[in-house]
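One structure below.
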Amino acid sequence: MEPRWKPSVTVAAVIECDGRYLLVEEHTAEGLRLNNPAGHLDPGESLLDGVARETLEETTHRFTPTALVGVYLSRFQREGRHGAPDEDITYLRFAYCGELGEAVAGRALDTGIVRTLWMTPDEVRASAARHRSPLVLRCMEDHLAGQRHPLSMVFTDPSVTADPSPR
């Protein structure tokens, strides 16, 4: 029996203020890239907790999700380097918009994050060649189009966040 295919679940924050979108510039195997504050969902974490955590880690700001912008499926392929096998990863991204809070004093940007940038939609579009994923632009365009879904569209059963230790 072949192993079951499992996409990597990620969360992303689509944050707009005064007509500009918050992106992060980060080191990747492909060089410096632009991305939404985003990352992988951790075990035992709800999607809402995950997007709040990733935003804090990558921007030093608290984030409160207010709506689901969309759910996205994308595929990333990278040629193996130095004898390593090729990578073929499918991402299932849950993108949320919301309220960006104040920076947390004394908190540093996560490893690999160089800086945060506020960019106009035209600047985001013009920098598409530097995006970590085509979903950076797609999420912004969906947000600009007014795409918002209630947070209740995604349900996390309490079994996900329950303490797994035996009683």
Side-chain angles (χ1 to χ4, degrees), residues 5-26 28 30 32-76 89-105 107 109-110 112-162:
W5 170 77
K6 296 178 184 176
S8 295
V9 177
T10 62
V11 290
V14 181
I15 302 167
E16 182 271 333
C17 183
D18 297 327
R20 293 181 177 270
Y21 283 85
L22 179 61
L23 299 182
V24 297
E25 186 174 46
E26 59 186 336
T28 73
E30 290 71 42
L32 280 177
R33 295 286 187 238
L34 299 172
N35 199 5
N36 307 102
H40 292 269
L41 186 67
D42 284 349
E45 183 174 63
S46 72
L47 293 163
L48 296 177
D49 290 341
V51 73
R53 175 189 52 77
E54 284 291 348
T55 303
L56 177 62
E57 290 174 358
E58 295 192 357
T59 70
T60 74
H61 288 259
R62 296 198 190 284
F63 176 70
T64 304
T66 58
L68 176 70
V69 174
V71 179
Y72 306 86
L73 197 61
S74 69
R75 185 174 179 192
F76 176 75
I89 305 167
T90 299
Y91 293 100
L92 179 61
R93 175 187 266 209
F94 293 81
Y96 292 91
C97 61
E99 301 298 324
L100 189 67
E102 295 294 319
V104 175
R107 183 147 188 126
L109 295 173
D110 203 9
I113 304 296
V114 175
R115 63 184 174 144
T116 60
L117 303 108
W118 287 98
M119 301 175 74
T120 66
D122 285 340
E123 291 169 333
V124 174
R125 290 179 190 111
S127 66
R130 293 191 57 225
H131 293 178
R132 184 156 189 186
S133 157
L135 297 181
V136 174
L137 183 57
R138 177 61 192 255
C139 289
M140 181 197 75
E141 296 292 4
D142 287 350
H143 184 266
L144 281 168
Q147 189 165 295
R148 310 283 191 282
H149 305 284
L151 295 177
S152 61
M153 279 198 66
V154 179
F155 173 75
T156 300
D157 187 80
S159 63
V160 171
T161 57

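The residues of the chain are indexed from 1 along the displayed sequence.
Looking at residues two or more places apart in sequence or on another chain, you find a salt bridge (Lys or Arg N to Asp or Glu O under 4.0 Å) between D42 and R53. In this structure L34 satisfies the side-chain contact (heavy atoms from CB on, under 4.5 Å) test together with L23, E25, L117, M119, S127, R130, H131, sequence neighbours excluded.
For the side-chain contact (heavy atoms from CB on, under 4.5 Å) with P65, the qualifying choice from V51, D49, V14 is V51, the only one to do so.
Classified by interplanar angle (parallel below 30°, tilted 30° to 60°, perpendicular above 60°), the ring pair H40/Y91 is tilted.
Checked for salt-bridge contact, E141 and R125 meet the test: a charged N lies under 4.0 Å from a carboxylate O.
In this structure, M140 and V136 have side chains that are not in contact, with every pair of non-hydrogen atoms separated by 4.5 Å or more. In this structure, P37 and H61 have side chains that are not in contact, with every pair of non-hydrogen atoms separated by 4.5 Å or more. Within the 4.5 Å cutoff, side-chain heavy atoms of C17 are placed close to those of W118. Contact annotation: the side chain of L109 never approaches that of V24 to less than 4.5 Å [non-hydrogen atoms, C-beta and beyond].
Between S159 and D157, the side chains place a donor N or O and an acceptor N or O closer than 3.5 Å (distance only, hydrogens not considered).
Within 6.0 Å of the CD atom in E30, the count of heavy atoms belonging to other residues, nucleotides or ligands exceeds 12.
When every heavy atom of A38 is checked against every heavy atom of E54, the shortest pair comes out as O-OE1, 3.4 Å. The two atoms that bring L68 and A95 nearest to each other are CD1-O, 3.4 Å, heavy atoms only. In plain terms, the two heavy atoms of L135 and S74 that are nearest each other are CD1-OG, 3.4 Å. Summarising the geometry of Y96 relative to L48, their closest heavy-atom pair is CE2-CD2, 3.6 Å, with the distance given to 0.1 Å. Residues G70 and Q147 approach most closely at CA-NE2, 4.1 Å, considering heavy atoms. Of all the heavy atoms in L47 and V9, the pair that sits closest is CD2-CG1, 4.1 Å.
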